[in-house]
Amino acid sequence: MLNIGIIGCGAITEAIVRGLAEADRLKIRALYDRHPQKTAYISGLLKDPPEIFDFEGMIKACDLIIEAASQGAVREFILPALKAGKNAMIMSVGALADDELLDEIKRISEEKHCKVYIPSGAIAGIDGLRAAAESKIEKVRITTRKPPQTLGVEGDEALKERVLFEGSAREAVKRFPANINVSLTLSLAGIGPDLTEVVVIQDPMIDRNIHEVEIEGAFGRMKMRFENLPSPSNPKTSFLAALSAISAIKRITEPIEIGT
Ligand SMILES: NC(=O)c1ccc[n+]([C@@H]2O[C@H](COP(=O)([O-])OP(=O)(O)OC[C@H]3O[C@@H](n4cnc5c(N)ncnc54)[C@H](O)[C@@H]3O)[C@@H](O)[C@H]2O)c1
């Protein structure tokens with residue numbers, strides 16, 4: 001039985017608890033959010049609700065700690081979880097643009113024999129990129145189109161299509177901390193946050209988050225396009241990102257792993 005603790009009780013966690021309602025071999029034992037009413041809401045969705053609502057209790061009772069909160073929560077909770085010898089899953093992967101934090105996570109995981117899982121999030125094809133990275137990669141580029149409001153653009157400025165950002169993944173996750181996590185996932189699987197290219201476009205004509213990923217290297221060329229519907233409770237977060245967390249959790253507990 002995998003005992004799970006989740007930090008952050010927002011859109012992703014709501015999808016996780018709904019998606020795991022019938023899952024065997026695991027139990028959500030602990031929840032924590034800085035807003036207790038959010039914890040209470042998520043807890044209320046569970047048939048067998050947890051009894052632990054603080055981080056210290058979570059660390060004691062759980063084998064896997066899932067961060068689905070914010071970039072800051074990665075340092076605040078994932079480092080102590082790893083130090084306590086727990087496995088971890090990170091959704092706010094943009095936090096790993098901080099090399100010092102990433103190195104610390106790697107070092108502690110190795111020392112404590114822990115594993116850190118980073119789901120594919122709002123895109124797919126990370127397996128192909130990882131394979132391609134075994135040889136030379138010349139280019140990784142992601143072009144993201146989102147409705148202006150989800151990028152913090154309001155009023156008259158929101159009425160037209162506009163390129164808001166063009167640069168490296170490292171800069172992109174600083175500029176849009178709650179929006180462009182996938183660029184860091186691509187970076188970690190491929191050529192790093194300084195060489196991974198990101199374009200962010202506000203597009204008032206769309207009702208979904210569109211990601212186009214282009215990869216070129218010794219293997220040839222890959223081109224992928226995702227038209228992601230938003231999560232019901234957070235338009236910034238694609239529903240696919242939440243689903244990827246559910247499937248990553250199930251992969252840990254199920255005996256056969258497909259497409260690794
Ligand atoms: N990897 C991906 O592809 C991907 C895709 C979408 C979202 N995300 C990221 O996943 C995270 C969660 O997304 P969401 O849509 O569920 O967000 P959300 O805003 O709906 O919910 C986040 C919850 O976490 C809580 N929280 C934030 N920081 C906290 C802290 N330091 N301590 C305790 N509670 C804290 C908030 O109160 C909130 O209830 C975000 O950082 C988001 O950027 C990643």
Side-chain angles (χ1 to χ4, degrees), residues 5-19 30-45 52-59 65-81 88-98 101 116-126 129 142 144 146-147 149-152 169 172-189 193 196 198 200 208-211 213 224 226 228-249:
I6 311 181
I7 307 286
C9 291
I12 289 182
T13 299
E14 178 166 351
I16 290 176
V17 302
R18 291 186 192 280
L31 292 168
Y32 174 72
D33 194 289
R34 59 183 164 207
H35 300 299
Q37 71 277 19
K38 296 227 173 190
T39 315
Y41 170 70
I42 296 292
S43 180
L45 300 175
I52 300 166
F53 301 106
D54 66 292
F55 183 61
E56 283 70 32
M58 182 184 293
I59 287 281
I65 311 297
I66 301 175
E67 175 282 320
S70 57
Q71 287 193 18
V74 176
R75 183 178 285 279
E76 194 178 343
F77 300 105
I78 295 303
L79 287 181
M89 184 173 288
I90 295 176
M91 291 310 295
S92 305
V93 60
L96 306 183
D98 177 343
L101 177 61
V116 176
Y117 300 94
I118 298 177
S120 47
I123 56 167
I126 299 297
L129 174 56
I142 177 165
T144 292
K146 290 195 169 192
Q149 291 75 14
T150 65
L151 292 161
V173 294
K174 276 191 214 148
R175 171 100 183 262
F176 304 101
N179 266 296
I180 194 81
N181 284 282
V182 282
S183 69
L184 231 286
T185 311
L186 285 170
S187 304
L188 295 173
T196 301
V198 180
V200 179
R208 51 195 73 193
N209 302 326
I210 299 176
H211 300 292
V213 179
M224 294 169 277
F226 306 91
N228 290 337
L229 290 171
S231 292
S233 51
N234 183 354
K236 285 188 201 129
T237 288
S238 299
F239 187 40
L240 183 65
L243 297 178
S244 87
I246 298 169
S247 110
I249 296 163

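Everything numeric here is computed off the predicted structure, so don't read it as measured data. For this chain, numbers begin at 1 and follow the sequence in order. Counting starts at 1 for both ligands and their atoms, in listed order.
When each atom of ligand 1 is checked for a heavy atom of Ala178 under 4.0 Å away, the hits are 43 (O). Those atoms of ligand 1 that come under 4.0 Å of a heavy atom in Ala241, given as number and element, are 5 (C), 6 (C). Within ligand 1, counting atoms from 1 as listed, the ones closer than 4.0 Å to a heavy atom of Ala122 are 3 (O). Heavy-atom proximity to Val182, at under 4.0 Å, picks out these atoms of ligand 1: 3 (O). Heavy-atom proximity to Gly121, at under 4.0 Å, picks out these atoms of ligand 1: 2 (C), 3 (O). Ligand 1 places these atoms under 4.0 Å from at least one heavy atom of Glu76: 31 (N). Numbered from 1 in the order shown, with element, the atoms of ligand 1 that lie under 4.0 Å from a heavy atom of Tyr32 read 33 (C). Near Ser70, meaning under 4.0 Å from one of its heavy atoms, ligand 1 places the atoms 27 (C), 28 (N), 29 (C), 31 (N), 41 (O).
For Arg18, the salt bridge (Lys or Arg N to Asp or Glu O under 4.0 Å) partners at least two apart in sequence or on another chain are Glu14. Remark: Phe226 pairs with Ile123, Ala124, His211, Val213, Met224, Asn228 by the side chain to side chain contact (heavy atoms under 4.5 Å, CB included) rule, at least two apart or across chains.
Considering only non-hydrogen atoms, atom 4 (C) of ligand 1 lies nearest to Asn181 out of Asn209, Ile90, Asn181, Thr13. When the options Pro177, Ser92, Pro235 are ranked by their closest heavy atom to atom 41 (O) of ligand 1, first place goes to Ser92.
With a heavy-atom cut-off of 4.0 Å, Lys236 does not touch ligand 1 at all. At a 4.0 Å heavy-atom cut-off, ligand 1 touches Arg34 through backbone and side chain alike.
Between Gly72 and ligand 1, a contact under 3.5 Å exists for no N or O pair. Taking any N or O of Asn179, backbone or side chain, none lies under 3.5 Å from an N or O belonging to ligand 1.
For atom 32 (N) of ligand 1, the closest heavy atom belonging to the protein is Phe77 CE1, 3.5 Å.
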